[in-house]
There are 2 protein chains.
Amino acid sequence: MDTKSLIIDTATNLFQQKGYKSVGLNEILKACKVTKGALYYHFPNGKEELLITCLQALNEAITTDIEDMFRGHLSAKEATQAILVKLIHNLETEGTIIGYTFSSIVSEMATVSEPVRKACSALYENIQHIYTEKFVSEGFSNESASDIALLMTASIEGAMMLCLTQKSTDPLRTIAKLLPNIIKAF
Amino acid sequence: MDTKSLIIDTATNLFQQKGYKSVGLNEILKACKVTKGALYYHFPNGKEELLITCLQALNEAITTDIEDMFRGHLSAKEATQAILVKLIHNLETEGTIIGYTFSSIVSEMATVSEPVRKACSALYENIQHIYTEKFVSEGFSNESASDIALLMTASIEGAMMLCLTQKSTDPLRTIAKLLPNIIKAF
DNA sequence: GTCTATAAGCAGATAGAC
DNA sequence: GTCTATCTGCTTATAGAC
């Protein structure tokens, strides 16, 4: 793995866990054993450029990941379940946020930096788009499909936050239990 | 309004909007025209003590506010609607997060400071508890009631985040449209 | 209780050698 | 491409006058 990818990988994890401001450049550098000189060679515009690159990388990773899951499962309902199982598993093994969530970054930066806000927006849009398409392909109307996609995205993101505060995976488990019934009700 | 309350009020708004780390002490002080000496007189342990006090104040404010709304409306469904209308209105007039949401603080601090995490946890629990009781009083089973309360809390919090990234109130409006049907389906 | 001045430390960023 | 040393500015926090 080359230096640039290594930095992006390490930084992405830390940003997802602690947000943007809380993570110092030195912390990232120490975690991946790279020096400041190397970082500024790859990201001449500094920390914010690194963050945006991380968000773009995350976007690609999430997209292919979710698309794979949707290909591998027959119904959208099953795929939804699979996604939640994965998130819960990640949270349990890592103890922190790793996965399709970046609320820490959004809430902190959306009102502060416009480029970051746009990168986050693109990410959410992307995720919802994948969900929506899947539901449409299963016969849902366009409106219903995008409504469910929004509800899924929002409730998962919110549940993640609740899990963090409670230090428990219960909120996500409850959402996992409810979503299939809600989808069925549509 | 006394100095201490003024500081708490100003700081709470700023923390809700921008998170914890992004808001400097000087920014708070300037916004409420108070000096550093006064702040450290009222909060000898500094910024984190101030944050926790803010969260406690927020807890009380939210509790009485939601309880009032639940008293003023006949059904939980109507009350839910009223809460969402208020949140949407706040978001539109202020352009930023003000209200029953503090995701910015949670996501940034939950993994970093244990006292802050606990304060946030208490807040969420409180909100969900009020929702749950209302639903139980309307004949829902204990399990259904707390499930709905969780879904409400999570989806509202998540939708708030989507609103921030999109600079739009649409996500909250969609949630407002969906929640009543979901409640009915239970 | 409130003020100003100042300390101490850390952040992000740069310069220049290799 | 990567290294270390260094700069600048800002942050939280303190001291001591009023």
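Chain letters run A, B, ... following the sequence lines, proteins first, then strands; residues in each count from 1. Computed from heavy atoms alone, side chains included, the values below leave out hydrogens, waters and symmetry copies.
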Rounded to the Å, how far apart are [X] [atom1] and [N] [atom2]?
X       : N      : atom1 : atom2 : result
A/Leu29 : C/dA11 : CG    : C1'   : 13 Å
A/Ile28 : C/dA13 : CD1   : P     : 11 Å
A/Leu50 : C/dA11 : CG    : P     : 15 Å

Step-by-step side chain to side chain contact (heavy atoms under 4.5 Å, CB included) determination, A/Tyr20 to A/Glu48: CA-CA 9 Å; A/Tyr20 178 70; A/Glu48 191 164 318; 3.7 Å; yes

For nucleotides 2-14 of chain D, just jot down a letter per nucleotide in 5' to 3' order: B, S or -, based on protein non-hydrogen atoms under 4.0 Å. BBB------SBBB

Run the side chain to side chain contact (heavy atoms under 4.5 Å, CB included) test on A/Glu157 and B/Met160 for me, step by step, so that the C-alpha distance in whole Å, both residues' side-chain angles and the decisive distance to 0.1 Å come before the verdict. CA-CA 10 Å; A/Glu157 205 73 3; B/Met160 208 80 202; over 6 Å; no

Measure centre to centre between the rings of B/Phe102 and B/Phe15, then say whether the value is under 6.0 Å.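 Distance test on ring centres: not under 6.0 Å, no.
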
Looking at B/Tyr41, I'd like to know if the NZ or CZ of B/Lys36 sits under 6.0 Å from its six-membered ring centre while staying within 45 degrees of the ring's axis.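 Checked: cation-pi criterion not met.
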
Where do A/Phe186 and B/Leu178 land on the side chain to side chain contact (heavy atoms under 4.5 Å, CB included) test, with the steps shown first? CA-CA 10 Å; A/Phe186 265 82; B/Leu178 298 179; 3.6 Å; yes

